[in-house]
Protein chains: 2
Amino acid sequence: MEQKKVKQPLEKTLEQFKALDEKITHYYSVIGLADWDQKVMAPKKGRRVFARAVGTLRTEVFKLSVSPEMGELLAVLSSPEYVEELDQITIAKAREYKSYYEKAKSIPADLYQEYSMLTGQANDAWEDAREANDFAKFQPYLEKIVDYKRKFAEIYGYEDHPYDALLDEFEPGLTVKILDPLFAKLRKTSVDLLNRIQKNGKRPNDHFLSQPFSVAKQKEFNRYILPIIGFDMMAGRLDETIHPFEQTINIGDVRLTTKYIEDNVCSAIFSTIHEAGHGMYEQHINPDFEESVLQSGASFGIHESQSRFLENMVGRSKEFWSYFYPTLQKFFPEQLENVSLDEFYRAVNTVEPSLIRIEADELTYNLHIMLRYEIEKALIAGEIEVKDLPIIWNQKMHDYLGVTPATDLEGVLQDVHWSYGDIGYFPSYSLGNLYAAQILRTIQKQLPDFPKLIESGRFDVIQGWLKENVHQYGKLYTPNDLIVKVTGEELNADYLVEYLEEKYAEIYEL
Amino acid sequence: MEQKKVKQPLEKTLEQFKALDEKITHYYSVIGLADWDQKVMAPKKGRRVFARAVGTLRTEVFKLSVSPEMGELLAVLSSPEYVEELDQITIAKAREYKSYYEKAKSIPADLYQEYSMLTGQANDAWEDAREANDFAKFQPYLEKIVDYKRKFAEIYGYEDHPYDALLDEFEPGLTVKILDPLFAKLRKTSVDLLNRIQKNGKRPNDHFLSQPFSVAKQKEFNRYILPIIGFDMMAGRLDETIHPFEQTINIGDVRLTTKYIEDNVCSAIFSTIHEAGHGMYEQHINPDFEESVLQSGASFGIHESQSRFLENMVGRSKEFWSYFYPTLQKFFPEQLENVSLDEFYRAVNTVEPSLIRIEADELTYNLHIMLRYEIEKALIAGEIEVKDLPIIWNQKMHDYLGVTPATDLEGVLQDVHWSYGDIGYFPSYSLGNLYAAQILRTIQKQLPDFPKLIESGRFDVIQGWLKENVHQYGKLYTPNDLIVKVTGEELNADYLVEYLEEKYAEIYEL
């Protein structure tokens, strides 16, 4: 009898937890659709009012996530008397909700409201500052955002570095202590490699990539490759937008966007492949996790690993173009018939230090990220001041990349992230590259004919491996547990360093 | 002091009522987007799960509409001590919510749940029955639906005829007593006119309408006419779907759909014009009503009047094609260069009794509706039985239209409405025609150069009149109050009868 009494409430708790999880996921699914629609479909005049409608749903789902009901359910699920009875899936769900609940609950309501108002204004100020090409217009807002973030970090708590508390929002468990040595190694190798590349003077000819390429044909080519690389078009779409992104509505409805530029045939192709990497991760999540918080990627960094793996390690490989280039030539005979596969491959791997992160190549991209990481970390630690950012930014650009922004627009004002209050996000991009290289090495071991699979268009085998080993798990594992499970070790910069060394040594004949 | 005490709670009530109205409208706005997306954009594999997500929102908004909070607010707003202090807008909002609240509250929860489950199954059964072309498969479900609807009618209450209680859901205030004489007159004239048309043997040649017309060019032509007839493309979209419809997200985001058929150039054009009639009604609603329940048309019938007015009275007029036909000829020179304006005009006004309602012409369409009205009325009154419907249907088709369905698919199984439990909806379509003709007569008086306005493409003047006199009011007035306000009299069948007589006398040289 005693045992029965104990079990009864747990069953009821599990039922209620499942229902609440489902309800919250349903809200996010519809909000996700609304976000996609506003960026891709919605006519201009309706957007302001529609944003208010979506705001109402966001408020509701926030209330559900921090409701007394959620608090009670999480308390029961964390209580020592039950924890051993819980299955792995419930534990993972509770972990996700608890992390959000505790963070959200720890911030006093008025502080959070002030902060929300500030980020709304800060984004406007950032746009104004960009228009005026004047960091000073954004500076007071960023100063306040940094102040709030420092307060939040103190409230959330951390062991070593206040920035850890912010990193954790995007990459659970990641700390400065872990990241510093990884980035130090990557920075040193990247700067060194870049110098060697620049000195040897063997820059590929890539001028043929910027002829006029019919947008209609580009669209056709992008639609042609998607199903071949494994994206299920019955469970997704491809549309156009200004800033390409992937939006998941549910596992059976994953939407990619890309941007066609007439005199840049590669821009859309690599955007499409990148977003398809995100999208297939979502399409491959265990259907049992549908309508639950686990129905997404393990973290921002792991998600980015899947897009970067597909875009760079697969999509910029010689084997990939060995398979697709003849078709691309057929689409654009005038422009490409006299360009060899080798010339094309080298062209899409041109390394060139540049001012703008989102236009950076595979090698220099990480240097753009590290610069931001170092600035964020120092801001949160109170070691530097916002007013000095333009000078610090330009100095680091010069040190790492050898180029110096002429204006703030090309420098410190280029990214939207800080205006939204997203401090701690940037490292995800390079984490994606690090995870991707480490996973690549494991794939190369487990699928020894990996290059041949690409060369022969057997993307199904590669995606099958990723589904089996990474994608299916959704948020079941923390990012660290997942990378250990997949590759047998914790995150290690050696793999990316080796990959970059090998790749560019070959292309640039170093 | 006494007065202050009274006013304080009213102000608070008004504030709460506004907030609740806004919240409910926000939910419906997002649900509307979700519905549009599922019909127009969503990939197949995500739809089943997404329907569950939208179901969660529907449940939430239903709960809000029948919540104790809503009940208390409506009670205060209806109390005699306050009613004189309320403005016209608040009164109209309270009227709309009260009508829904009282109906929803009057049905016992378990009865409503049984009924909801039934309609879900009934729609599947209807699809199965269509597949098998066998009414018997749908019959038991329709019998149950009719039983529930008869119960609901008793619960809702009515004065003369139980069907009145159901009509009221779609056309507030409409009754059998009002509708019977209107439809009797329209039926008699329509059947008579149809007989005369068929006897004189002057059927227009319309074969040239069914040549192949490039769908790409059709799309271009449809996009070309929309802004000219007054649809604001910055506050709307045009997309493709299987069954054309209009969906409002908000006043600044009104979405039309159409369907292109390669060998029928007119199908898409008249669908687009029809939906644009609905759409401009929504675009023209007073912006002060945005984010409130008044942000929609007065009723199904009034809404349909705007689509039918534009499609038939404007879009099938000689003046309309006098303006647009030269351009259509330029789009399709091969197909139309040897077809005169007069031949084209006569062709798009061909009268031909047919079996399928949605393919019917302007004259015979109303006969399809009256058949359904008579059947619904008799079913709810218990005068006929569901099992006899195929025979009754076919007999009436023979009597009114002179054609007899060979199978149920072409007869009683053709419409989806009953499978959703929508009994009382069909009359809205003919009400639309009746209202439209009555409004047309008023416009002709107030804008004596009406035909010249069309002929010279001054659709802005016509839409300006409709905005000023009809559209801007949204749901502020009941349909009856609105038609009296606009035309100076209650709904009267004479105008439609005269319009049809005149139009077809000229075309068919009667």
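Here is the naming used below: chain letters follow the sequence lines, and residue numbers restart at 1 for every chain.
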Contacting region of B:Asp239 [heavy-atom separation from chain A under 4.5 Å]: neither
Student check: side-chain heavy atoms of B:Phe213 and B:Glu262 closer than 4.5 Å: no
Short side-chain to backbone donor-acceptor contact, A:Asn123 and A:Thr119, under 3.5 Å: no
Closest-packed option against chain A by number of heavy-atom pairs under 4.5 Å, given B:Thr25, B:Thr59, B:Asp37, B:Ile249: B:Asp37
Contact origin within B:Ile251 toward chain A - heavy atom pairs under 4.5 Å: neither
Over 12 foreign heavy atoms within 6.0 Å of OH, A:Tyr101: yes
Best-contacting candidate, A:Met234, A:Lys23, A:Lys44, against chain B by heavy atom pairs under 4.5 angstrom: A:Met234
Lys/Arg cation over aromatic B:Phe245: B:Lys39, 6.0 Å, 45° cone: yes
Chain A interface, residue from B:Asn250, B:Val54, B:Asp232, B:Ile31 that has the most non-hydrogen pairs under 4.5 Å: B:Asn250
Top contributor to chain A contacts, counting heavy-atom pairs under 4.5 Å, from B:Ser29, B:Ala42, B:Pro43: B:Pro43
A:Glu291 and A:His26 side chains, donor-acceptor separation under 3.5 Å: yes
Leading residue by heavy atom contact count with chain B [cutoff under 4.5 Å; candidates A:Met233, A:Arg255, A:Arg48]: A:Arg255
Test side chain to side chain contact (heavy atoms under 4.5 Å, CB included) applied to A:Phe231 and A:Thr272, A:Leu226, A:Ile225, the passing residue: A:Leu226
